[in-house]
Amino acid sequence: MSGLIPLTIRDLKRWYRNPVSAVVGVIQPIFWIVLFGSAFDITRFGVSSTTFFEGAPDYITYLMGGILTIIGLFTGMFSGVNIIWDRRLGILQRFLIAPINRASIVFSRILSSVARISVQIMILFAVAFVIPNGLKIVNGFTLMDGVILVSAVFMVSFIFSSFFSILAVRMTRMESVFGIVNLINLPLMFASYAMFPPDLMAPWLSHVAKYNPVSWSAQSIRMVLIHGTLTASEAHTVLIYMLGLLALALFMLVITYIISNREIRE
Amino acid sequence: MDNSIEIESLTKVYNGKFKAVDDVSLKIGRGKIYGLLGQNGAGKTTLIKMLTGVIKPTSGTAMIAGLDLNKDALKIRRITGVVPQEYTTDGDLSGKENLKLVADLYDVPRKDAEERIETLLRMVDLYDVKDRYASAYSGGMRKRLELVCGLMNTPEVLFLDEPTLGLDVTTRENLWSYIRSFEREFHITIILTSHYLDEVDSLANELSIMDHGKIIVSGTSSDLKKSLKGDTITLKLKNDDEFKIVQNFKEAIEVKKMELGDIRIKVNNSDVVLPELMKYLSDHKISPQSINVRKPSLDEVFIEYTGRNINAEQSGKDYEKLMTMGRGAK
Ligand SMILES: Nc1ncnc2c1ncn2[C@@H]1O[C@H](COP(=O)(O)OP(=O)(O)OP(=O)(O)O)[C@@H](O)[C@H]1O
Ligand SMILES: [Mg+2]
């Protein structure tokens, strides 16, 4: 896809050069883990984490899968915001004039979002290991586990980045994106297994959460972090979730390609 | 191919009702500077945007360097350079990085790109500030950067949309000489839009006047001036009765009332006719509030064909545009 690499590099340059966005990007995952880790930690009321949190040694270990996924969800919206920003600044016209595949205007944004998310994830892991009652890998961590974790986060980031980018293909107002973010991000987060296991949720909510890609990613990551080597039935569950994410990611890839190529406007 | 650009019935309708460009057809010769002159809102930018593939025409087509706008859009983008009306450089990148980005978007090989970037930066005197962020450039510097962005791919056809809008006189004249040198050095066809008469007059070999989305008249500047067939005397009178009397003035080739109430009298040779007119007016006890004599100029051409003065209500708008420039207030 011509234009993809230079545009991605440009976007990343803007990101790491902007002290605010770089610092926010680093602090945000720390906030998530520290705040959520203690706010929602019901083990301090004597609830046994191993019983209620699917065998996790503590709440933060349980929460990791959720936080990693939510970072993908929230950072993804920036790809949409940045496209609108370029449109309003007039820079987009320069890209529309150039002999590039126009889909690369959008995909460069998605790629750079995914790259930023990777950085945030590394920071997140470092912090999670360091803090008291933090992340504990009790049952080992295999190469396969790593592959599952990374691909789940990438797919979920890709899905949400492309979702917000498609919105931005024709929008001219920043507020519209933020409005939609506010409308859907929190419901997506709470109607999922990102924070709590199905047993602790209202039955209808846990039923809804089953179909939420945030749950698929959060559950897969959490299972490999908690269990290390998976049993056959656990592996089966993870496989289903991952296939679900893959299908959705491929669907978004095709849709984003078609829409951004045809519909992007100055 | 003699013609670099052939536009056929190009039309753009916004929101299903507003015709911004209305059935424009035009042939533009190779290796020339071609001016598109028109007031704010005439449709110049819309026309350029269609020709450069930024927006889709509602109907009609164009051939650019032998390529069909509706079929070979990508190829056309490869061989054209564009300097849009608004800023399109990234303020968060340095001047050099902006050019590098453009070079990459056009797949200019790395080695050529390095050389070309340096040549272009030196050409518009930005080499010394090449590492400064574009957002820290002055208006004139930024505009110069925009200009060379349009040259990065050594285009066959270059579109310049109001290249000197809002710049001071010296900077404008500076840019003019750059534009002339582009034409000389690269032998490219340049399409230039402007609402500055002097700019079009001094740069363009040929021009078209655009008004309300239509091409009103085309030709060389001197042909258009000749087409005026004489000088113009403009009077401000008190009432219509006086206008009727002036209509009977024998030496007048034509007497017209303009939108703002001015009376325009076309005469063969104002040097001879003016004294006679003065006598005629005083014989009829008419004392005009003002008298103005003009030899053929592009100004006059514009008024003749559009019925309006290009500079009327212009200065306020220029200021507004400056204030929103680069912010794409859409
Ligand atoms: N995106 C748009 N939607 C609706 N109307 C538009 C749009 N863009 C331009 N117009 C209208 O089309 C007309 C022509 O605009 P255009 O920008 O082509 O004029 P112009 O000749 O370039 O003027 P200027 O000298 O001010 O740059 C104007 O009346 C403008 O309001
Ligand atoms: Mg314009």
Side-chain angles (χ1 to χ4, degrees), chain A residues 1-22 78 81-109 111-112 168-176 260-266, chain B residues 45-46 48-56 67 72-94 97-108 110 113 133-135 142 145-146 149-150 152-153 155 158-159 161 324-330:
Chain A
M1 211 187 295
S2 58
L4 184 61
I5 292 166
L7 288 178
T8 309
I9 293 173
R10 169 219 171 221
D11 204 33
L12 287 174
K13 252 186 206 163
R14 285 170 63 107
W15 176 63
Y16 72 68
R17 277 191 191 164
N18 178 346
V20 175
S21 72
F78 283 106
V81 171
N82 280 333
I83 291 169
I84 295 178
W85 198 223
D86 272 353
R87 173 174 296 125
R88 295 199 74 111
L89 288 174
I91 302 174
L92 198 59
Q93 230 191 101
R94 170 67 52 209
F95 304 152
L96 292 177
I97 285 161
I100 54 172
N101 185 330
R102 285 182 175 169
S104 66
I105 299 172
V106 168
F107 278 104
S108 63
R109 257 47 226 265
L111 262 190
S112 81
V169 159
R170 280 181 154 258
M171 276 183 185
T172 51
R173 293 184 173 278
M174 216 70 90
E175 301 92 299
S176 322
S260 58
N261 217 341
R262 281 204 204 141
E263 297 296 327
I264 194 158
R265 66 165 202 193
E266 50 143 355
Chain B
T45 299
T46 306
I48 299 279
K49 280 184 179 166
M50 285 194 282
L51 292 175
T52 54
V54 174
I55 55 178
K56 281 203 177 73
L67 298 165
D72 311 307
L74 200 66
K75 280 187 200 155
I76 291 178
R77 281 190 252 152
R78 212 165 276 144
I79 57 152
T80 49
V82 190
V83 181
Q85 183 168 346
E86 293 118 18
Y87 289 156
T88 58
T89 45
D90 187 343
D92 294 336
L93 298 180
S94 71
E97 285 171 331
N98 266 297
L99 283 173
K100 179 79 174 82
L101 175 61
V102 174
D104 288 340
L105 294 179
Y106 285 84
D107 268 331
V108 181
R110 187 173 290 260
Y133 281 1
S135 57
R142 190 80 181 258
L145 181 63
E146 296 282 336
C149 278
M152 199 59 226
N153 60 328
L158 177 65
F159 293 93
D161 195 359
T324 55
M325 210 157 85
R327 268 166 230 155
K330 278 170 196 140

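Note that the coordinates shown come from a computational prediction; the quantities given were computed from them, not determined experimentally.
Identified by a heavy-atom distance below 4.5 Å to chain B, the contributing residues of residues 99-107 of chain A are A:Pro99, A:Ile100, A:Arg102, in residue-number order.
For the atom pair CD of B:Gln85 and CD of A:Gln93, the computed distance is 9.0 Å after rounding to the nearest 0.5 Å. Interatomic distance, A:Leu96 CG to B:Lys49 NZ, rounded to the nearest 0.5 Å: 10.0 Å. Rounded to the nearest 0.5 Å, atoms OG1 (B:Thr88) and CG (A:Asp86) are 11.0 Å apart. For the atom pair CD (B:Glu86) and CD1 (A:Ile91), the distance works out to 12.0 Å, reported to the nearest 0.5 Å.
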Atom pairs and distances, donor-acceptor, side-chain atoms in residues 101-108 of chain B, under 3.5 Å, two or more places apart:
{"from": "B:Asp104", "atom 1": "OD1", "to": "B:Lys100", "atom 2": "NZ", "distance (Å)": "3.0"}
{"from": "B:Asp104", "atom 1": "OD2", "to": "B:Lys100", "atom 2": "NZ", "distance (Å)": "3.4"}

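For CZ of A:Phe95, the number of neighbouring non-hydrogen atoms (other residues, nucleotides, ligands) closer than 6.0 Å is greater than 12. Residue-environment remark: CD1 (A:Ile5) stays at or below the threshold of 12 foreign heavy atoms within 6.0 Å.
Under the rule for a salt bridge (charged side-chain N to carboxylate O under 4.0 Å, His left out), B:Lys75 has no partner lying at least two apart in sequence or in another chain. In this structure A:Arg94 satisfies the salt bridge (charged side-chain N to carboxylate O under 4.0 Å, His left out) test together with B:Glu146, sequence neighbours excluded.
Side chain of B:Arg77 to main chain of A:Ile97: no donor-acceptor pair is present (N/O by atom type, distance under 3.5 Å, no hydrogens or angles).
With chain A as partner, the option from B:Val54, B:Thr89, B:Thr52, B:Thr80 having the largest number of non-hydrogen pairs under 4.5 angstrom is B:Val54.
Taking 4.0 Å as the cut-off between side-chain N and carboxylate O, A:Arg10 and B:Asp90 count as a salt-bridged pair.
Heavy-atom distances place no part of B:Ile76 under 4.5 Å from chain A, backbone and side chain included. Contact of A:Arg14 with chain B is made through the side chain alone, with heavy-atom distances under 4.5 Å.
Counting heavy atoms from C-beta outward, A:Arg17 and B:Leu93 have side chains that approach closer than 4.5 Å.
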